[in-house]
Amino acid sequence: MNSEQREMKLFFTSNLFNVLLLLHCSLFTVHYSLFTVHYSLFTVHYSLPPVHYSLSQNYFRSPLDIPLKLAANFGDIRPNHYHAGIDIETEQREGLKVYAVADGYVSRIKVAPNGYGNAIYINHPNGYTSVYGHLQRYDNKIAEYVKKNQYQLESFQVDLFPDSALFIVKKGDVIAYSGNTGDSGGPHVHFEIRDTKSEEPVDPLLFGFDIPDHKAPVFNALKVYPVNHSGVINGKAIQQRYSIINKYSNSYQLLENSVINVQGTIGFAVEGYDMEDGNEEHFTIYSLELIMDGKTQFNATIDRFNFNETRCVNAHIDYEELKKSNEQFLKLFKDPNDKFNAYKARTNGVLTINDTLLHHIKIIAKDAYENTSELNFKVKSNHDSKAPIATMKPANIENIIPYQYPDSFQTNDIKIFFPEGTLYDTLFMTYSSTKESPNYYSFIHHIHNIYTPINSNINLSIKCHNLPKNIESKALLVHLDSKGNASAVKSSFKDGYVVGNPNVLGDFAVMIDTIAPTIIRLNKANGMYPIQFKITDNLSGIKSVRATLNGHWILMKEDAKTQTFTLDSDKPFQTNTNNGFHLEVVDNKGNKATYTQ
């Protein structure tokens, strides 16, 4: 091989090496880029960064064609749960087209007289599920599928999971029409976005829906609490309330004091609200952070949660204050057995202050669009005080029910079992009983009070007095409010006791229900449909409603909030002829009422 040939080979080899190296680098770059994209999507899907950085900002369209105005926000405080989506106003009317917010398939269709009423669930390729509730009616093909299943199952209430290939939808397809079904206080669309795999709801506002909001949250009042029976605020071992004023812009301060005197173990809570542009509705504050001397002590940012933990909302609020005055104080400290996993800070927000230093407290409130307000004040302990720390030790401490493990309490007339996880904190339970009145077949049992929340149901057995054997099956537990009004607890008679599982504390007794439900025909004029009934029960509640026409089951649409039942309008018959229509209603104690035409 001559020199020229050697140079040619060297040139070719060198260039081939460079080409391969370049190709390898390019493939590495592509692979790295794909890895980066995959990692970014993984991060978005599981950690949901703040709204301004979400990669799903343009993925979903609006479920309605009108400007979006909210009637309720994600995480709003509701009885025993957090609101799992946003409520979109529909201009006080029904029948607006509801659209699929992205490509996907209908994965679930649920019809119920309460809750979300008529609802649709759509799974999307990006790992999320959109939910649409309180619908008036479904689009035609879905409506036909639902009715077919209702008649096959002979039930108005259905929970259907169609095959993924049955109802494939494109972004912008009409899937239903807005309504007021279920537990709806007026026409609107309840809209959710859930993580498909975990079924955890996620704040829809994190996905960039066009809802103008430049208003920061508002502070109204502050509460300071003694915690663990060892705290003192301004010399008193009881909670103290402070009014708040807006100092300037979105900066707030205390009206009465700039320094709060504290000693021992304390916690804070604030009352306030959030708003959006052009909307007078008040929403629960999205994010609250407690900072002492520059260090975060607690952060409650409710941007997603697990339905199994949503009852912990009762530990996040001042439950007693809400029951007494309907004011929502959001706590910035965590009860020992509060299992809610949406809290962001690792510390529990409970502060112990026994030194004589001046401590700076900052509470930051944010909404999902990062509009921010701050409340600033100071706390100090008079450690040199000669007075010992007063405590809030309960007067009656013989009935201590620990939160850490199961426990029970009983007398000759009552048995109470607290399963593990029932309590948010140790309960220093008070108990007494009152002799029965003519309306009750037991003593009235006063189990602590209605102002202490519990996280799950207790097992309660109450001994019956003077209950005739022939009506034992009609006996049931009732919970009595402060005015003596009774609400039924699902229960049964067993070995001289009535046994049930209430999810509240307070006053309980045994009553009987021997009265059949009431059926009232609402539109009595002769003619065609709709034929509608109002069906009520005096105590135990409706168990079943069954209508037949000439011996065949016929659909009746139920609205729980109005207690009305409407016959299927696709099955008309003349009301002035004998059509063999029969309606049977049974309550939870087996009392039966019928209507025949």
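If you're wondering where the values come from, they're calculated on a predicted model, not measured in any experiment.
- With no hydrogens or angles considered, a side-chain donor-acceptor pair links Thr129 and Asn123 at under 3.5 Å.
- The aromatic rings of His445 and Phe443 lie tilted to each other, with the angle between the two planes from 30° to 60°.
- Taking the six-membered ring where tryptophan is involved, the planes of Tyr273 and His282 are essentially parallel, since the angle between them stays under 30° and well short of 60°.
- Rounded to the nearest 0.5 angstrom, Ser184 OG and Asp87 CG are separated by 7.5 Å.
- Side-chain contact annotation: Tyr424 with Asn455, donor-acceptor N/O pair under 3.5 Å present.
- With hydrogens and angles left out, the side-chain atoms of Gln563 and Thr536 include no donor and acceptor closer than 3.5 Å.
- A salt bridge between Lys69 and Glu281 is absent, with no side-chain N of the basic residue lying under 4.0 Å from a carboxylate O of the acidic one.
- In this pair, His316 and Tyr82 present their aromatic rings tilted. The plane angle is within the 30 to 60° band.
- With salt bridges taken as basic N to acidic carboxylate O contacts below 4.0 Å, one links Asp559 and Lys561.
- Counted by atom type alone, Thr548 and His552 present zero donor-acceptor pairs between their side chains at under 3.5 Å.
- Checking His582 against Thr596 by side-chain atom types alone, a donor-acceptor pair falls below 3.5 Å.
- With a 6.0 Å radius and a threshold of 12 heavy atoms from other residues, nucleotides or ligands, Asp495 has its CG atom at or below the threshold.
- The closest side-chain donor-acceptor pair between Ser540 and Asp513 falls under 3.5 angstrom.
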(request) Begin from the C-alpha positions of Asp568 and Lys147 and carry the test salt bridge (charged side-chain N to carboxylate O under 4.0 Å, His left out) through to its verdict. (result) CA-CA 10 Å; Asp568 182 3; Lys147 182 169 286 190; 3.1 Å; yes

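- For the 3.5 Å distance criterion, the side chains of His446 and Tyr431 fail to qualify, holding no donor opposite an acceptor.
- Of the residues Asp507, Leu427, Ile454, the one that meets the side chain to side chain contact (heavy atoms under 4.5 Å, CB included) test with His448 is Leu427.
- Geometric assessment of Arg61 against the ring of Tyr99 yields a positive cation-pi assignment under the 6.0 Å and 45° thresholds.
- The only option from Tyr128, Tyr59, Phe74 that meets the ring pair (Phe, Tyr, Trp, His ring centres under 6.0 Å) definition with Phe207 turns out to be Tyr128.
- Under the 3.5 Å distance criterion, with hydrogens and angles disregarded, a donor-acceptor pair is assigned to the side chains of Asn80 and Asn314.
- Side-chain contact annotation: Asn114 with Asp183, donor-acceptor N/O pair under 3.5 Å absent.
- Counting non-hydrogen atoms of other residues, nucleotides and ligands closer than 6.0 Å to CD of Glu199 gives a total of 12 or fewer.
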